[in-house]
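The structure under discussion appears below in the form of structure tokens.
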Amino acid sequence: QVQLAESGGGLVQAGGSLSLSCAASGRTFSIYAMGWFRQAPGKDREFVAHIDVSGRRTRYTDSVKGRFTISRDNAKNMVYLQMNGLKPEDTAVYYCAARLDPLGSSDFVVYDFWGQGTQVTVSS
């Protein structure tokens, strides 16, 4: 079992930055690939980024490439999402998710554990 807790969301102006964190419980964090997803009001949950267990392989949805960076620290049971150049269309609740697999996935249905989410609002 893994429990996840996101933090770092908030209100920021367009062009600004936020750093999201996701703290994971348990001693086996390093065996889980991690992902970030987001859901805007009235829209489906959307893949943002994922990272493999080693932290060396990452993938991003096209709309955030070059602006967002996912990383992890297995010693601290943490995964991060650094968001720069934020746009109003990035406004959403952001969720971190854990998958019991070495590799991440852009498909949210394969993730085993989810956090409660953190709100990110970008004003124009």
Side-chain angles (χ1 to χ4, degrees):
Q1 285 277 346
V2 176
Q3 292 184 322
L4 303 172
E6 302 94 339
S7 62
L11 173 64
V12 64
Q13 289 187 333
S17 299
L18 281 175
S19 181
L20 303 185
S21 298
C22 175
S25 66
R27 295 175 291 177
T28 58
F29 174 71
S30 61
I31 68 173
Y32 290 86
M34 300 297 295
W36 284 97
F37 293 79
R38 64 188 180 187
Q39 188 165 18
K43 294 188 176 182
D44 293 335
R45 190 164 297 192
E46 176 190 26
F47 162 71
V48 177
H50 66 65
I51 189 166
D52 75 335
V53 294
S54 72
R56 289 191 291 268
R57 283 177 283 190
T58 60
R59 185 176 179 182
Y60 301 88
T61 191
D62 287 346
S63 63
V64 309
K65 284 180 181 177
R67 300 188 297 124
F68 290 12
T69 302
I70 187 172
S71 62
R72 67 188 295 161
D73 185 336
N74 288 341
K76 295 181 178 180
N77 284 14
M78 297 290 294
V79 63
Y80 307 98
L81 186 68
Q82 177 64 42
M83 305 186 294
N84 300 325
L86 282 161
K87 304 175 181 180
E89 52 263 44
D90 295 318
T91 295
V93 177
Y94 283 70
Y95 300 90
C96 70
R99 181 191 188 201
L100 186 53
D101 192 280
L103 298 177
S105 171
S106 59
D107 188 353
F108 74 89
V109 300
V110 304
Y111 284 81
D112 302 290
F113 303 100
W114 291 82
Q116 293 299 307
T118 185
Q119 176 70 47
V120 171
T121 303
V122 185
S123 62
S124 58

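Both backbone and side-chain heavy atoms feed into the values below; hydrogens, waters and symmetry mates do not. Residue indices begin at 1 and follow the sequence shown. Here the structure is a predicted model, which means the values were calculated and not measured.
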Stepwise salt bridge (Lys or Arg N to Asp or Glu O under 4.0 Å) check, Lys87 with Asp90: CA-CA 5 Å; Lys87 304 175 181 180; Asp90 295 318; over 6 Å; no

Would you give the length of the straight line joining atom [atom1] of [X] to atom [atom2] of [Y], rounded to the nearest 0.5 angstrom?
X      : Y     : atom1 : atom2 : result
Thr61  : His50 : OG1   : NE2   : 10.0 Å
Glu89  : Ser63 : CD    : OG    : 8.0 Å
Ser17  : Arg67 : OG    : CZ    : 10.0 Å
Glu46  : Gln39 : CD    : CD    : 10.0 Å
Leu103 : Arg59 : CG    : CZ    : 11.5 Å
Leu18  : Gln82 : CG    : CD    : 8.5 Å

Common cluster, [X]/[Y], ILVMFWY with side-chain heavy-atom separation under 4.5 Å:
X      : Y      : value
Val53  : Val2   : no
Phe29  : Ile51  : yes
Met78  : Met34  : no
Leu100 : Phe113 : yes

Side chain to side chain, [X] and [Y], heavy atoms closer than 4.5 Å:
X     : Y      : value
Glu6  : Trp36  : yes
Tyr80 : Asp73  : yes
Thr91 : Gln119 : yes
Met83 : Val64  : no
Arg38 : Val120 : no

Reference residue Cys22; test side-chain contact (heavy atoms from CB on, under 4.5 Å); the match among Leu4, Thr118, Leu81, Asn77: Leu4

Shortest non-hydrogen separation from Ala40 to Ala92 and the atoms involved: N-CB, 3.8 Å

Distance-only side-chain donor-acceptor flag, Ser105 / Asp107, under 3.5 Å: no

Phe37: hydrophobic cluster co-members (side-chain, 4.5 Å): Phe47, Val93, Tyr95, Phe108, Val109, Val110, Tyr111, Trp114

Answer yes or no: is there a donor N or O on one side and an acceptor on the other, between the side chain of [X] and the main chain of [Y], under 3.5 Å?
X      : Y     : result
Asp101 : Ala33 : no
Arg57  : Asp52 : no
Tyr60  : Gly66 : no

Crowding at CZ, Arg45 (>12 non-hydrogen neighbours, <6.0 Å): yes

Other residues, nucleotides, ligands: >12 heavy atoms within 6.0 Å of Gln3 CD: no

